[in-house]
2 protein chains.
Amino acid sequence: MTAMRLFQEKGYESTSVADILKAAGANSGSLYHFFHTKQDLLLEVLRRYRDGIAPMLLEPAWRGIADPIARVFALLARYREALVASECSYGCPIGNLALELHEPDPPVRQAIATNFDGWVDAIERCYIDASARLPATTDRRALAVFTLSIMEGGVMQARTQRRIEDFDRSVAMLRDFVALLERQAKEQRGTT
Amino acid sequence: MTAMRLFQEKGYESTSVADILKAAGANSGSLYHFFHTKQDLLLEVLRRYRDGIAPMLLEPAWRGIADPIARVFALLARYREALVASECSYGCPIGNLALELHEPDPPVRQAIATNFDGWVDAIERCYIDASARLPATTDRRALAVFTLSIMEGGVMQARTQRRIEDFDRSVAMLRDFVALLERQAKEQRGTT
DNA sequence: AGCTTAGTTGAACGATCAATCAAGTCAAGA
DNA sequence: TCTTGACTTGATTGATCGTTCAACTAAGCT
């Protein structure tokens with residue numbers, strides 16, 4: 001869908017229906033035949049993002065990578081690549097929408113939340129798969145939510161500073177944290 | 001300035017000049033006498049936020065708190081309070097602007113970046129003040145950037161999930177990380 | 001009193017917005 | 001061949017947007 005690309009590039013509010021129609025080479029009537037409102041179109045786009053998390057995001061990022069912790073950082077590396085390739089103007093489309101729409105209609109907010117849930121679920125599974133290497137007391141879900149915070153916050157800073165370093169610094173600290181957790185887990189395993 | 005409140009509540013694009021005028025009880029001519037464009041008004045708002053970081057944000061958050069690490073979490077607690085008080089609809093106004101404006105004019109981007117810098121500077125100073133308790137190898141600046149990422153990411157998730165837990169989880173993980181760093185620093189001090 | 005100037009008023013402008021709709025096309029089924 | 005219904009066309013609508021401007025007010029200076 002052309003609308004996906006435009007919402008990503010220019011944001012939802014800044015993309016007019018006319019923009020979408022011109023880019024797609026269609027007329028307004030055709031679009032409104034399938035989507036009753038612009039918001040319906042947005043909901044469809046969000047549905048596609050949700051359905052695309054596994055095949056379009058995780059699968060390419062994790063190809064050839066089996067280690068669950070390495071997978072976490074491989075996913076983060078994808079966002080880094082997108083930032084670098086766009087000279088730090090790329091932004092996570094879901095994160096953009098999350099802050100762009102200040103008081104979104106409930107279905108839209110829910111659709112964005114579902115996208116976040118899908119991302120966090122996938123990362124949580126990584127940490128669960130790596131459970132043996134993490135302290136028993138560490139909440140895997142919290143760690144996954146934390147990881148999403150760092151990704152979104154890192155992208156936000158890199159974008160507004162036009163500087164990849166701020167993303168890298170955030171990820172580097174997460175790496176240090178995970179390394180410390182692994183060390184702690186090893187110690188605890190040794191003493192029981 | 002009334003515009004500050006409205007930009008915060010509804011976002012920049014969603015706040016029309018007419019909204020501001022009505023809320024302020026003024027006429028368009030008066031506003032445009034002082035600000036040539038709506039964007040000029042935004043720049044003034046961003047200037048006020050920047051000038052307000054110390055007196056309006058840090059000073060109240062840190063009143064009666066001397067410990068530099070405690071100060072970091074006291075500041076994060078302020079954002080938590082704002083979230084709770086607004087039933088998780090509050091958002092950091094700078095973060096909102098950072099993602100709302102997808103291709104902002106250079107002066108606007110710069111003004112947002114300056115606000116981030118001011119925040120990160122303040123937190124970096126905390127970590128520098130706590131230097132004796134942190135490993136020598138840990139980059140204080142990176143830790144401060146990391147902290148901002150977690151705050152912005154945590155606010156973003158709590159807002160879209162309408163759930164304070166996602167903010168709390170992010171902050172809790174940061175707390176664990178800092179505790180591990182302090183423990184690591186203590187060990188290293190002991191072995192040298 | 002007269003002049004200057006900072007600030008105010010509010011109607012108006014053109015642009016752009018999401019959305020509509022009557023009229024048309026076209027392929028499949030009866 | 002005729003009918004039906006899915007889909008397309010594109011001009012048009014009314015609302016709203018940021019911005020402008022000529023006219024006006026009021027305070028300060030000479």
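Chain identifiers are assigned alphabetically (A, B, ...) following the order of the sequence lines, protein sequences preceding nucleic acid strands; residue numbering begins at 1 within each chain. Fair warning: this is a prediction, and the values are worked out from it, not measured in the lab.
If you measure from atom NE2 of B:His33 to atom C1' of D:dA26, you get 14 Å, rounded to the nearest angstrom. Atom P of nucleotide D:dG18 and atom CG of B:Asp19 are separated by 8 Å, given to the nearest angstrom. Following rounding to the nearest Å, B:Lys38 (NZ) and D:dG18 (P) show an atom-to-atom distance of 4 Å. For the pair B:Lys10 NZ and D:dC17 C1', the computed distance is 13 Å after rounding to whole Å. When the C1' atom of D:dT16 is taken as reference, atom CD of A:Glu13 falls 13 Å away, rounded to whole Å. Separating the CG atom of B:Leu6 from the P atom of D:dG18 is a distance of 12 Å, rounded to the nearest angstrom. The separation between B:Leu31 atom CG and D:dT20 atom P is 12 Å, rounded to whole Å. Going from atom OH of B:Tyr32 over to atom P of D:dT20 covers 7 Å, rounded to whole Å.
Bounding nucleotides for the chain A contact on DNA chain C, 5' to 3', at a heavy-atom distance below 4.0 Å, are C:dC17 to C:dC21.
Looking at A:Arg169 and B:Glu124, no side-chain N of the basic residue comes within less than 4.0 Å of a carboxylate O on the acidic one, giving no salt bridge.
Considering A:Thr147, A:Thr138, A:Asp139 as possible partners of A:Tyr127, the one that fulfils the side-chain contact (heavy atoms from CB on, under 4.5 Å) test is A:Thr147. Of the options A:Ile20, A:Val17, A:Leu46, a side-chain contact (heavy atoms from CB on, under 4.5 Å) to A:Leu41 is made by A:Ile20 and by none of the others. When each of A:Leu99, A:Leu42, A:Asn96, A:Leu101 is checked for a side-chain contact (heavy atoms from CB on, under 4.5 Å) with A:Ile112, only A:Leu101 meets the rule.
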Cut-off 3.5 Å, no hydrogens considered: what does the side-chain donor-acceptor table look like for residues 21-29 of chain B, sequence neighbours left out?
none

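Screening residues 57-80 of chain B for side-chain hydrogen bond (donor to acceptor under 3.5 Å, both in side chains) gives B:Glu59-B:Arg63, B:Asp67-B:Arg133, B:Tyr79-B:Trp119, B:Arg80-B:Asp168 as the qualifying pairs, with residues at least two apart or on separate chains.
B:Val17 comes within 4.0 angstrom of a base, heavy atoms only. Using a 4.0 Å heavy-atom criterion, one finds that A:Ser16 contacts the sugar-phosphate atoms exclusively.
If you find the closest nucleotide of DNA chain C to A:Ser14 and to A:His36, the one lying nearer the 5' end belongs to A:Ser14. Closest-nucleotide positions on DNA chain C for B:Ser30 and A:Gly29 were compared, and the one nearer the 5' end corresponds to B:Ser30. Checking A:Phe34 against A:Ser28, the closest nucleotide of DNA chain D that is more toward the 5' end is the one next to A:Phe34.
For A:Phe146 and B:Phe146, the distance between ring centers is under 6.0 angstrom.
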